[in-house]
Q: 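The structure that follows is given in the form of structure tokens.
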Amino acid sequence: MSLVVYNTRTGSKAPLEPIEPGHIRMYVCGITAYDYCHIGHARSALVFDMIVRYLRYRGYQVTFIRNFTDIDDKIIKRAQEQNTTCEELSERFIRMFHEDMARLGVAAPTLEPKATEHVGEIISLIEELIKRDLAYQVGNDVYYKVEQFADYGALSGRSLDDMQAGARVSVNENKAHPMDFALWKGSKPGEPTWESPWGPGRPGWHIECSAMSKKYLGDTFDIHGGGKDLVFPHHENEIAQSEGASGKPFVKVWIHHGFVTIKDEKMSKSLGNFLTIREVLEKYPAEVLRLFVFSTHYRNPLDYSETAMNDAASGLERLYGALAELAQLPEAGKAGAASAIGAKDREKLISIENRFQQAMDNDFNTALALGNFFEAVKTMNKVRQGLPTVPAAEDLALLRESAATLRHLAAILGLLTEEPAAYMAARKNALLQGLGITEAEIEALIAARNQARKEKDFAKADAIRDELLLKQIEIKDSASGTTWSVKAA
RNA sequence: GGCGGCGUAGCCAAGUGGUAAGGCAGUGGUCUGCAAAACCAUUAUUCAGCGGUUCAAAUCCGCUCGCCGCCUCCA
């Protein structure tokens, strides 16, 4: 059974075959560091984090490069607005990005190169393109000669003619062809500047990724990823640059994820409908965001809403809740006792890992994998409930193994990484904030209610329960005592 | 205008030729003093609409409608 991945370039799925057996080399376009990251960036980070973890779980060595764009028009503009330098601004937001990633539990890439630290490589690459007649200098700028590259448009499935038909292509008189794009931009006064054969200037946007991927992964590597909006022009231009300069294929598989939308519209700064990662994490634990992100296939749009996040929170609690219950099972069972687990349930528990792999092998189908998790938990709950007072040792062992397997696999999605009891407690405390009642007050009311119950004063007991419910506190009586939880919003 | 994607229950969502996963919500039951949680059962004769291919279609083809994205910075 092999891992099958959808490739934007071919528009179809194919088995992943690394260039070097057992080793995947992957490059993902990171952020332009000029502002706080929004949940679209979070989706990108989370999706590729999941992909890297799954590839490693499948036994591949993974070299994962994710760059920072730290010089660009937006950075220059924002730095001027804030009366600071581009360097200070980009470094500040790279720091913020790292904070966000840490809170999301996103593992660090192998390397996180910055454009400004690779200007030498960029200049060499541009020189090579000029030598090959794929680029030309105009004043202090250098442009890529799009018509000279036969495959231009192959990734995004468009022809130069189609694109020229669009009215939105602005005409720059300096360019030989309207679609030619800048490799090097001569700098204006006050802008960050590097010396080059074409005079003082700075790199164009696309060239940095060609230069850095070449340096760290070689002329040809396995996977290149990013958001769908990067297909054109960014990745199209990268192909033109890299293949133009090396004469070799650039990337084997292109992976692009869908957008995060709000009310079915793409989040964007111009619409003002974006949410930052830190805003969302103020309201929800990181794992809730992860569950939300992975509940849809990575290539589909993902519509953010409070309802969706609350659903995800409920779902996550269901998973943690089941694990917390399992953890309370007695240590030792009766050795050699007959099993109380039916054949079908047993099969479900034993096949957890298998089904997970099957789902994930099909183009990282996390939505299906999560569905399997819920089914597994359903079975575990059912089996647990059906256990006799003194369960068979064998059954306890199977349940514990299943729970351990579930957590092991969920960790690939960055889920169920906390101690179940601790998660439930922390979530409870977080929800308790701002409800106007303390844990001690709740405990006192429960004690009073239990006293009333003992005295068969059910009217009073119910009154107390209603009072608690009014404050969003739900109580749960069981043989071992009364527990409580905060009702989800 | 060019290119691409999507439309599955109240909501979210998987399913790419073999007879509709899963989550959230709902209903009935077990349990409970009553509840809650959990479990059991149940909830789409049907996959935007129409037509076609096929023994067989949500899945393939054509057309129609609706929504979205890219073509300009963008995850």
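Every chain is numbered from 1 and lettered A, B, ... according to where its sequence line falls, protein lines coming before strand lines.
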Q: Using atom CD1 of A:Ile446 as one end and atom P of B:rA35 as the other, report the distance to the nearest whole Å.
A: 19 Å

Q: Using a 4.0 Å cut-off on protein heavy atoms (strictly under), produce a 5'-to-3' string for nucleotides 22-31 of chain B with B for base contact, S for backbone-only sugar-phosphate contact, and - for none.
A: SBS-------

Q: How close do A:Val5 and A:Leu16 get, counting heavy atoms only, and between which atoms?
A: CG2-CB, 4.2 Å

Q: Check if the side chain of A:Asp462 and the base of B:rG33 share a donor-acceptor pair of N or O atoms closer than 3.5 Å.
A: yes

Q: Looking for any heavy atom pair under 4.0 Å, which part of the strands does A:Arg66 touch: base, sugar-phosphate only, or nothing?
A: nothing

Q: Assess the side chains of A:Asn67 and A:Glu208: does a donor N or O sit below 3.5 Å from an acceptor N or O?
A: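 A donor-acceptor contact under 3.5 Å links the two side chains.
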
Q: What is the nucleic acid contact for A:His38, judged by heavy atoms within less than 4.0 Å: base, sugar-phosphate only, or nothing?
A: base

Q: With distance as the sole criterion, is a donor-acceptor pair present between the side chains of A:Arg384 and A:Gln328 under 3.5 Å?
A: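 The criterion, which ignores hydrogens and geometry beyond distance, is not satisfied for A:Gln328 and A:Arg384.
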
Q: Reckon A:Arg43 touches a base, only the sugar-phosphate, or nothing at all at heavy-atom distances under 4.0 Å?
A: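 No contact at all - A:Arg43 keeps every heavy atom at 4.0 Å or more from the nucleic acid.
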
Q: Looking only at the side chains, is there a donor atom on one of A:Thr276 and A:Glu279 sitting less than 3.5 Å from an acceptor on the other?
A: yes

Q: Rounded to the Å, how far apart are A:Arg299 CZ and B:rA13 C1'?
A: 15 Å

Q: For a ring-ring contact (aromatic ring centres under 6.0 Å, His included) check, start with the C-alpha distance between A:Phe68 and A:His98, then their side-chain angles and the critical distance, and finish with the verdict.
A: CA-CA 11 Å; A:Phe68 284 113; A:His98 281 141; 5.5 Å; yes

Q: Expressed as a whole number of angstroms, how long is the span from A:Leu468:CG to B:rC34:P?
A: 20 Å

Q: What distance, rounded to whole Å, do you find between the two C1' atoms, one in B:rA9 and one in B:rG23?
A: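 It comes out at 13 Å once rounded to the nearest Å.
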
Q: Just N and O in the side chain of A:Asn300: are any of them under 4.0 Å from OP1 or OP2 of B:rA14?
A: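 Answer yes for this pair, as a side-chain N or O of A:Asn300 is under 4.0 Å from OP1 or OP2.
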
Q: Take atom C1' in B:rC61 and the same atom in B:rU53, then report the distance between them in whole Å.
A: 7 Å

Q: Could you verify whether a donor N or O on one side chain and an acceptor N or O on the other, from A:Asn450 and A:Thr482, lie under 3.5 Å apart?
A: yes

Q: Provide, to the nearest angstrom, the distance between the CG atom belonging to A:Leu368 and the C1' atom belonging to B:rC12.
A: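 Those two atoms, CG and C1', are 15 Å apart.
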
Q: Using a cut-off of less than 4.0 Å, is there contact between a side-chain N or O of A:Asn381 and OP1 or OP2 of B:rA38?
A: no

Q: Just checking, any donor-acceptor pair under 3.5 angstrom between side chains of A:Tyr36 and A:Asp100?
A: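 No pair is found: no donor N or O on one side chain lies under 3.5 Å from an acceptor on the other.
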
Q: Could you tell me the separation between the CZ atom of A:Phe292 and the P atom of B:rA13, rounded to a whole number of Å?
A: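 It is 9 Å, rounded to the nearest whole Å.
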
Q: With heavy atoms under 4.0 Å as the rule, sort A:Asp264 into base, sugar-phosphate or nothing.
A: sugar-phosphate

Q: Consider the side chain of A:Ser44, meaning its heavy atoms from C-beta on, and name the nucleotide among B:rG33, B:rG15, B:rA75 that approaches it most closely.
A: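 The answer is B:rA75.
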
Q: Find which nucleotide of RNA chain B each of A:His206 and A:Gly157 is nearest to by heavy atoms, and output the residue with the more 5' nucleotide.
A: A:Gly157

Q: For B:rU19, which nucleotide in any strand shown is its Watson-Crick or wobble partner with both distances under 3.5 Å?
A: none

Q: Across all strands shown, which nucleotide pairs with B:rC70 by Watson-Crick or G-U wobble geometry, both distances under 3.5 Å?
A: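 Across any shown strand, B:rC70 pairs with B:rG2.
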
Q: Any donor-acceptor pair under 3.5 Å linking the side-chain atoms of A:Asn362 with those of A:Lys13?
A: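 There is such a pair between these side chains.
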
Q: Rounded to whole angstrom units, what separation is found between the NZ atom of A:Lys454 and the C1' atom of B:rG33?
A: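 After rounding, the gap between these two atoms is 16 Å.
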
Q: Look through every strand shown and name the nucleotide pairing with B:rU42 as Watson-Crick or G-U wobble, where both distances are under 3.5 Å.
A: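 With both distances under 3.5 Å, B:rU42 matches B:rG26.
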
Q: Identify the heavy atoms of A:Pro15 and A:Ser2 that sit nearest to each other, and give their distance.
A: CB-OG, 3.7 Å

Q: Check the phosphate of B:rC70 against A:Lys266, side-chain N and O only, distance under 4.0 Å to OP1 or OP2. Yes or no?
A: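 Yes, within the criterion.
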
Q: May I ask which nucleotide in the shown strands pairs with B:rA13, Watson-Crick or G-U wobble, both distances under 3.5 Å?
A: none

Q: Provide the Watson-Crick or G-U wobble partner of B:rA58, both distances under 3.5 Å; none if there is no partner.
A: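 WC or wobble partner does not exist here.
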
Q: Is a side-chain donor or acceptor of A:Arg53 paired with a backbone partner of A:Ala411 at a separation under 3.5 angstrom?
A: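 Judged by distance alone, yes, a pair lies under 3.5 Å.
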
Q: What's the gap between B:rC47 and B:rA58 when it is taken at their C1' atoms, as a whole Å value?
A: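 After rounding to an integer number of Å, I get 4 Å for this pair.
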
Q: P atom, B:rG66 versus B:rA25: distance in rounded Å?
A: 36 Å

Q: Reckon A:Thr483 touches a base, only the sugar-phosphate, or nothing at all at heavy-atom distances under 4.0 Å?
A: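 It contacts nothing in the nucleic acid.
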
Q: Identify whether any heavy atom of A:His297 sits under 4.0 Å from a base atom; if not, whether one sits that close to sugar-phosphate; answer base, sugar-phosphate or nothing.
A: sugar-phosphate

Q: Take atom C1' in B:rA13 and the same atom in B:rG18, then report the distance between them in whole Å.
A: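 The answer is 23 Å between these two C1' atoms.
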
Q: Would you mind reading off the distance between A:Trp254 atom CH2 and B:rG4 atom P, rounded to a whole angstrom?
A: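 Rounding to the nearest Å, CH2 of A:Trp254 and P of B:rG4 are 19 Å apart.
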
Q: In whole Å, measure the gap between the C1' atoms of B:rG29 and B:rU43 for me.
A: 15 Å

Q: Just call it for A:Val28: base, sugar-phosphate, or nothing, with non-hydrogen atoms closer than 4.0 Å on any strand.
A: nothing

Q: For A:Glu287 and A:Leu416, indicate whether the former's side chain and the latter's backbone hold a donor-acceptor pair under 3.5 Å.
A: yes

Q: Which part of the nucleic acid, if any, lies within reach of A:Asp72 when heavy atoms closer than 4.0 Å are counted: base, sugar-phosphate only, or nothing?
A: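 Result for A:Asp72 = nothing.
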
Q: Measure from NZ on A:Lys382 to P on B:rC39 and round the result to the nearest Å.
A: 10 Å

Q: Would you mind pulling out the nucleotide paired to B:rA48, Watson-Crick or G-U wobble, both distances under 3.5 Å?
A: B:rU64

Q: Side chain of A:Phe458 only, heavy atoms from C-beta on: which candidate in B:rG33, B:rG69, B:rC39 is closest?
A: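 Output: B:rG33.
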
Q: Could you measure between the two P atoms, the one in B:rG7 and the one in B:rA14, and give it in whole Å?
A: 8 Å

Q: Judged by modelled atom types alone, do A:Ser210 and A:Glu238 share a side-chain donor-acceptor pair under 3.5 Å?
A: no

Q: Provide the distance between the two P atoms, one in B:rG10 and one in B:rG49, to the nearest whole Å.
A: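 Going atom to atom, P in each nucleotide, I get 14 Å.
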
Q: Side chain of A:Phe259 only, heavy atoms from C-beta on: which candidate in B:rC70, B:rA36, B:rA14 is closest?
A: B:rC70

Q: Under a 4.0 Å heavy-atom cut-off, which of residues 224-232 of chain A touch RNA chain B?
A: A:Gly226, A:Gly227, A:Asp229, A:Leu230, A:Phe232

Q: Between the side chains of A:Asp363 and A:Tyr298, is a donor N or O closer than 3.5 angstrom to an acceptor N or O?
A: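 Looking only at side-chain atoms, A:Tyr298 and A:Asp363 do form a donor-acceptor pair, the distance falling under 3.5 Å.
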
